[in-house]
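Notes follow the structure.
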Amino acid sequence: MNVVSFVREPDVEDERVKDVYRDVKESLRVSFVDSMIQAYASNPRFLDYAWRRLRPSMLSAPFVEQARRIGALAEQGVQNWRVSDHAAALHSRNYTETDLLKLRETAALFHNVLPKLAIIAQALSVALTGEPIGGGGVLHPPAHEDRDRAPRDFRGLHVPIADERESPLRVRTAFEELQRMTGVGFVSTTHRAMGSFPDWLDVFLADARPLASDARRRELCTRLDRAARDAARQLPYPLLLQEGAFADMIPVNDVFCSLLPSLIVDAVVARRGLGPDPAQ
């Protein structure tokens, strides 16, 4: 199991990392920095160098559309799975409609952002070997109707992120189970956000446990992995890293390449269980 180090937001000292963190939040339209970016920050020069070359593609309409397609593929794949009514279960635990609205927005955020992170990880997977990827360009300026398809802005949504060590025992126990299920030595930002609402994590895990060994889930994750790789090849702007320059980041990036399809599925399962979010 690869050991992954993280540079949490409160611990950032390198000015390059501070600048990238601010820019990542603006570009992804969120109020926090995902653990994947925090892992890249363990090598500040890599984070700064890669982000400068990825950012133009990330802000392009084709990139947003590719990420949207990956999210839709996950939704389609989960459509016929048995997912219980998480909203009803949480109502029975005294969650109000206001509480559920917060959870639905949080699930929608991860459904929006995780496919983008998957494309980034797959693009870096190729670029870290020294091979160029992307560079097809933007074929036409954004059309007027593209304004209606602009990525949602979640910067105003505060997402509490549970601490892996300081959470209540029931949450830490759930986190240990999730680590076994994902096969990585840390808890993703997605699951830590759910852990800030222990009852939500409980009802989610009740569905996630039987699905973890389901062949349909493995097949869907494979399809999502392939879709992210295909999308990475279509980055509008080229991404090229010097071969061997950041060899230490290859195993780190590989962890997220393998983890993100599973997280995309989890976000869809959580979203289905809660019911439609207000923007649908």
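At least one side-chain heavy atom of Cys221 sits under 4.5 Å from a side-chain heavy atom of Val265. Considering only heavy atoms from C-beta on, Leu211 comes within 4.5 Å of Asp214 through its side chain. Side-chain contact between Asp207 and Arg82 is present, with at least one heavy-atom pair separated by less than 4.5 Å. Residues Thr96 and His91 form no side-chain contact, since every pair of their non-hydrogen atoms from C-beta on lies 4.5 Å or further apart. You'll find the side chain of Val203 reaches within 4.5 Å of the side chain of Arg93, heavy atoms only. Taking 4.5 Å as the limit, every side-chain heavy atom of Ser188 sits out of range of all side-chain heavy atoms of Met194. A heavy-atom distance below 4.5 Å is not found between the side chains of Leu263 and Phe256. Considering only heavy atoms from C-beta on, Met36 comes within 4.5 Å of Leu260 through its side chain.
Taking both residues in full, the closest heavy atoms of Ala228 and Ile70 are given as CA-CD1, 3.8 Å, listed atom of the first, atom of the second, then distance. Of all the heavy atoms in Ala162 and Arg192, the pair that sits closest is O-NE, 2.8 Å. Minimum heavy-atom separation, Met249 to Tyr40: CE-CA, 3.7 Å. The two residues Ala41 and Val17 have their closest heavy-atom pair at CB-CG1, 3.9 Å. Of all the heavy atoms in Ser42 and Ser5, the pair that sits closest is CB-O, 4.0 Å. Nearest approach of Gly195 to Leu201, heavy atoms of both residues: CA-CD2, 3.9 Å.
Taking CZ from Arg155 and CG from Leu109, the interatomic distance works out to 12.0 Å, rounded to the nearest 0.5 Å. To the nearest 0.5 Å, the span separating CG on Asp11 from CD on Gln38 amounts to 9.0 Å. Going from atom CZ of Arg229 over to atom CD1 of Ile133 covers 10.5 Å, rounded to the nearest 0.5 Å. The distance from atom CG of Asp34 to atom OG1 of Thr189, rounded to the nearest 0.5 Å, is 4.0 Å. Distance CZ/Arg104 to CG/Leu274: 6.0 Å, rounded to 0.5 Å. From Leu114, atom CG reaches atom CD1 of Ile264 across 6.0 Å, with rounding to the nearest 0.5 Å.
The closest donor-acceptor contact from the side chain of Asp14 to the backbone of Pro44 lies at 3.5 Å or more, if one exists at all. Side-chain atoms of Glu9 come within 3.5 Å of backbone N or O of Val33 as a donor-acceptor pair. Counting only distance, with no hydrogens or angles, the side chain of Arg29 and the backbone of Phe154 share no donor-acceptor pair below 3.5 Å. The main-chain N or O of Leu157 is found under 3.5 Å from a side-chain atom of Ser31 such that the two form a donor-acceptor pair. In this structure a side-chain-to-backbone donor-acceptor pair under 3.5 Å is present from Arg172 to Ser167. Asp48 places no side-chain N or O within 3.5 Å of a backbone atom of Arg16 that could act as its donor or acceptor partner. The backbone N or O of Glu166 lies less than 3.5 Å from a partner atom in the side chain of Asp163, making a donor-acceptor pair. For the pair Arg53 (side chain) and Tyr237 (backbone), a donor-acceptor distance under 3.5 Å is absent. Remark: the backbone N or O of Ser262 is paired with a side-chain donor or acceptor of Arg217 at under 3.5 angstrom. A donor-acceptor pair under 3.5 Å is absent between the side-chain atoms of Ser57 and the main chain of Leu235, judged by distance alone.
Looking at Arg22 and Asp19, a side-chain N of the basic residue comes within less than 4.0 Å of a carboxylate O on the acidic one, giving a salt bridge. Ion pairing between a basic and an acidic side chain is recognised when a charged N comes within 4.0 Å of a carboxylate O; Asp230 and Arg233 show such pairing. Looking at Lys18 and Glu13, no side-chain N of the basic residue comes within less than 4.0 Å of a carboxylate O on the acidic one, giving no salt bridge. For Arg152 and Glu105, the salt-bridge test fails: no basic side-chain N is under 4.0 Å from an acidic carboxylate O. In summary, Arg272 and Glu75 do not engage in a salt bridge, as defined by a charged side-chain N under 4.0 Å from a carboxylate O. A salt bridge links Glu65 with Arg69: at least one charged nitrogen is closer than 4.0 Å to a carboxylate oxygen. Remark: Glu219 engages Arg223 in a salt bridge, criterion side-chain N to carboxylate O under 4.0 Å.
Sorted by first and then second residue, the ring-ring contact (aromatic ring centres under 6.0 Å, His included) pairs with a member in residues 189-233 form an empty list; sequence neighbours excluded. Within the structure, every pair that satisfies the ring-ring contact (aromatic ring centres under 6.0 Å, His included) test and touches residues 94-125, not counting sequence neighbours, is listed here: Phe32-Phe110. Among pairs with a residue in residues 122-137, those fulfilling side-chain hydrogen bond (donor to acceptor under 3.5 Å, both in side chains) read Gln122-Asp225, at least two apart in sequence or across chains.
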Could you walk me through whether Arg170 and Glu177 pass the salt bridge (Lys or Arg N to Asp or Glu O under 4.0 Å) check? CA-CA 11 Å; Arg170 62 186 284 210; Glu177 181 177 0; over 6 Å; no
Can you check side chain to side chain contact (heavy atoms under 4.5 Å, CB included) on Phe46 and Leu241, steps first, answer last? CA-CA 9 Å; Phe46 168 75; Leu241 305 176; 4.0 Å; yes
Stepwise side chain to side chain contact (heavy atoms under 4.5 Å, CB included) check, Leu178 with Leu205: CA-CA 9 Å; Leu178 283 164; Leu205 271 174; 3.8 Å; yes
Going through the checks in order, is the side chain to side chain contact (heavy atoms under 4.5 Å, CB included) test met by Leu124 and Leu54? CA-CA 9 Å; Leu124 287 169; Leu54 283 164; 4.2 Å; yes
Check step by step if side chain to side chain contact (heavy atoms under 4.5 Å, CB included) holds for Val184 and Gln179. CA-CA 6 Å; Val184 298; Gln179 285 180 269; 5.5 Å; no
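In terms of hydrophobic clustering, with Ile, Leu, Val, Met, Phe, Trp and Tyr side chains grouped at heavy-atom distances under 4.5 Å, Trp51 and Leu240 are assigned to different clusters. No continuous path of ILVMFWY side-chain contacts below 4.5 Å connects Leu59 to Ile37, so the two sit in separate hydrophobic clusters.
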